[in-house]
Visitor: 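Here it is, the structure, as structure tokens.
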Amino acid sequence: MSLQHIRRVPTFCFIFLTLLLFIPRASAQNKGDSLTDELKAKLINNVSHFTFGFYVDTYVTIELDDNKDTSNIVPFFANCPMRDQIRLNVAALEIYYNDEKVRGKLQLQYGDAPNLLAAPEKEWIKTIRQAAIGFRIVKDLWIDAGYMFTPVGCESAWPVTNFVSTASVCGYFEAGAVLGIKVSYRISDKVDIGLMAGDPYSLAYQQTNHLAGVLFINYMPLKNLTLTYSNLFGNQALKNAEIKNNLLYNDVQIAYSPIKNIDILAQCDFAFQSNSRMPPDTNKIASMVSGFIQARYRFLKHFSVTGRYEMFTDPEGFLSGVYNYENKSTGLMMNGCSLGLEYKPVKIGYVRMEYKFLHANPGNKVYYSNTSDHLNALIFTTGVRF
């Protein structure tokens, strides 16, 4: 999908309009002048509802171990995926429209992050991060349609929205976006709910031509505390598959700021899918649990430090795939930690350094071309978003 080309105004029309602007006005305004002013007012009013933004992020990921790696892509990195190179994570254009009864958003992106998470047969979707339009039905009730994020998970492939630049392995396997419709309602200042239906597009949830549903509830009992529950449910099997893979993916988030300059964010995901166990019990339900907890402390004026612990356990491999090691088959199971330092010289820009350590189950030799079960890496990112 590409932006529509703007039609060129004929030269004589441009000259004519320019002359109109410079003709001296009569003391008594006539009907033509009123229409011109009315048109100007409408144009100014419409433009005032638009917001435009730009975002650029570059990075370098440095592996600290001596293991020889024949692949340039670091496994399970939703961003900063290419090792030992200075690369472009994302370059994006954002357009938003907000009116009393209409709203819309369009985010176009290019770079390593969108390329990584787009399947070859879905190349058209990788350049679009979001594209949706919404209408207000009654007060606080909205219907949106298009390509939209699911509320499942609080991490992003865009480093700027994360506490530390890279997302957790938990976030890597979450449902990314849905091409469909959303109904949302704000019950009060503390509670809002919503329901989505559509076809999920992401790495773990390929387009299946089966509709998926998403339910979400946000509750803010205190100004510094937010609780969120969301889920994704539906048949994730391919359209012509004889066996159904009914999935229920649950996500719980807690965001808490106990005192000024300290932010705590915790997330737990747990999922169940039918007919997904490894042999010989392939007709049984498989389960997965993952999550993380992280805390950020802002000190001085432009600096902050963040620590995160994460875990991911998918013993049947229905999300992460099955690995074979010493004649045994297992899904992905790992844990790890990240430590990040951020410097924000200006409000719209940042420079970050992150140390990341991940350790997988001994049967999951997933790093350094399947020769190691752990990863040590330094990630440097810098970006501007305005």
Side-chain angles (χ1 to χ4, degrees), residues 76 78 117-126 128-132 143-155 157 169-184 193-217 228-253 267-291 312-323 329-333:
F76 314 123
L117 297 178
E121 65 273 16
K122 305 295 184 300
E123 289 295 318
W124 68 272
I125 207 72
K126 69 181 182 181
I128 303 175
R129 192 171 188 250
Q130 289 193 93
I143 293 182
D144 298 87
Y147 186 62
M148 301 167 287
F149 287 144
T150 72
V152 177
C154 53
E155 296 178 291
V169 178
C170 168
Y172 182 82
F173 288 104
E174 287 172 340
V178 167
L179 185 60
I181 190 169
K182 176 176 71 173
V183 179
S184 56
I193 61 174
L195 182 66
M196 302 177 70
D199 202 340
Y201 284 77
S202 70
L203 187 68
Y205 310 86
Q206 300 178 6
Q207 184 187 16
T208 62
N209 295 320
H210 289 292
L211 288 180
V214 178
L215 172 70
F216 60 91
I217 303 172
T228 300
Y229 169 76
S230 59
N231 63 33
L232 183 144
F233 55 92
N235 181 13
Q236 295 303 305
L238 296 177
K239 184 68 174 179
N240 298 323
E242 296 181 359
I243 298 176
K244 294 182 179 180
N245 296 129
N246 293 314
L247 171 73
L248 176 59
Y249 193 107
N250 303 276
D251 171 71
V252 179
Q253 303 169 30
Q267 177 178 310
C268 179
D269 291 2
F270 51 101
F272 308 94
Q273 184 166 288
S274 63
N275 300 309
S276 300
R277 292 280 291 271
M278 288 190 292
D281 302 322
T282 57
N283 63 336
K284 291 188 177 181
I285 296 175
S287 62
M288 180 282 305
V289 62
S290 63
F312 182 88
T313 302
D314 181 20
E316 302 298 328
F318 74 94
L319 281 179
S320 60
V322 177
Y323 299 86
S329 298
T330 179
L332 182 65
M333 292 179 283

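Heads up: numbering here begins at 1 and tracks the sequence. For the numbers below, each heavy atom of this structure counts, side chains included, while hydrogens, waters and symmetry mates do not.
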Visitor: Taking all heavy atoms of Cys268 and all of Val289, pick out the closest pair and write down the distance.
Guide: SG-CG2, 4.5 Å
Visitor: Once you measure the plane-to-plane angle for Phe76 and Phe173, does it fall in the parallel (<30°), tilted (30-60°) or perpendicular (>60°) bin?
Guide: tilted
Visitor: Return the minimal non-hydrogen interatomic distance between Gly153 and Asp251, and the atom names on each side.
Guide: N-OD2, 3.2 Å
Visitor: Check side chain to side chain contact (heavy atoms under 4.5 Å, CB included) between Phe272 and all other residues, then give those that pass, not counting sequence neighbours.
Guide: Asn250, Phe270, Ile285, Ser287
Visitor: Do you know the tightest heavy-atom contact between Val152 and Glu174?
Guide: O-OE1, 3.8 Å
Visitor: Is a side-chain donor or acceptor of Gln267 paired with a backbone partner of Cys154 at a separation under 3.5 angstrom?
Guide: yes
Visitor: Return the CE to CG distance between Met196 and Leu215, rounded to the nearest 0.5 Å.
Guide: 11.5 Å
Visitor: Quick one: side-chain hydrogen bond (donor to acceptor under 3.5 Å, both in side chains) partners of Ser274, sequence neighbours excluded?
Guide: none
Visitor: Side chains of Leu332 and Tyr323, heavy atoms from C-beta outward: is any pair under 4.5 Å?
Guide: yes
Visitor: Donor-acceptor pair, distance only, cut-off 3.5 Å: does the side chain of Asn275 make one with the backbone of Lys244?
Guide: yes
Visitor: Side chains of Thr228 and Val252: does their closest heavy-atom pair fall under 4.5 Å?
Guide: no
Visitor: Would you name the heavy atoms of Ala175 and Thr150 that are closest together and state the gap between them?
Guide: O-OG1, 3.2 Å
Visitor: Are Pro151 and Gln253 side-chain neighbours, meaning at least one heavy-atom pair lies under 4.5 Å?
Guide: no
Visitor: Would you say that more than 12 heavy atoms from the other residues, nucleotides or ligands in this model lie under 6.0 Å from the CD1 of Ile243, or not?
Guide: no
Visitor: Answer whether the closest heavy-atom distance between the side chains of Leu319 and Tyr249 falls below 4.5 Å.
Guide: yes
Visitor: Sequence neighbours excluded, which residues qualify as side-chain hydrogen bond (donor to acceptor under 3.5 Å, both in side chains) partners of Ser320?
Guide: Asp314
Visitor: Measuring from atom CZ of Phe318 to atom CG of Asn245, what distance do you get when rounded to the nearest 0.5 angstrom?
Guide: 9.5 Å
Visitor: Grab the two heavy atoms, one from Phe312 and one from Cys170, that are nearest each other, plus how far apart they are.
Guide: CD1-CA, 4.1 Å
Visitor: Atom CE in Met278, atom OG1 in Thr330: separation rounded to 0.5 Å?
Guide: 5.5 Å
Visitor: Taking the side chain as every heavy atom from C-beta outward, state whether Met333 and Thr313 have any pair of such atoms under 4.5 Å apart.
Guide: yes
Visitor: How would you list all residue pairs meeting salt bridge (Lys or Arg N to Asp or Glu O under 4.0 Å) that involve residues 267-289, not counting sequence neighbours?
Guide: Arg277-Glu316
Visitor: My understanding is that only residues two or more places apart in sequence, or in another chain, count here; which of them pass side-chain hydrogen bond (donor to acceptor under 3.5 Å, both in side chains) with Ser329?
Guide: Asn324
Visitor: Testing the basics here: between Ser276 and Gln273, what is the closest heavy-atom pair and its distance to 0.1 Å?
Guide: OG-NE2, 2.9 Å
Visitor: Side chain of Asp199, backbone of Gly180: donor and acceptor closer than 3.5 Å?
Guide: no
Visitor: Not counting sequence neighbours, which residues clear side-chain hydrogen bond (donor to acceptor under 3.5 Å, both in side chains) with Glu155? List them please.
Guide: Ser168, Arg308
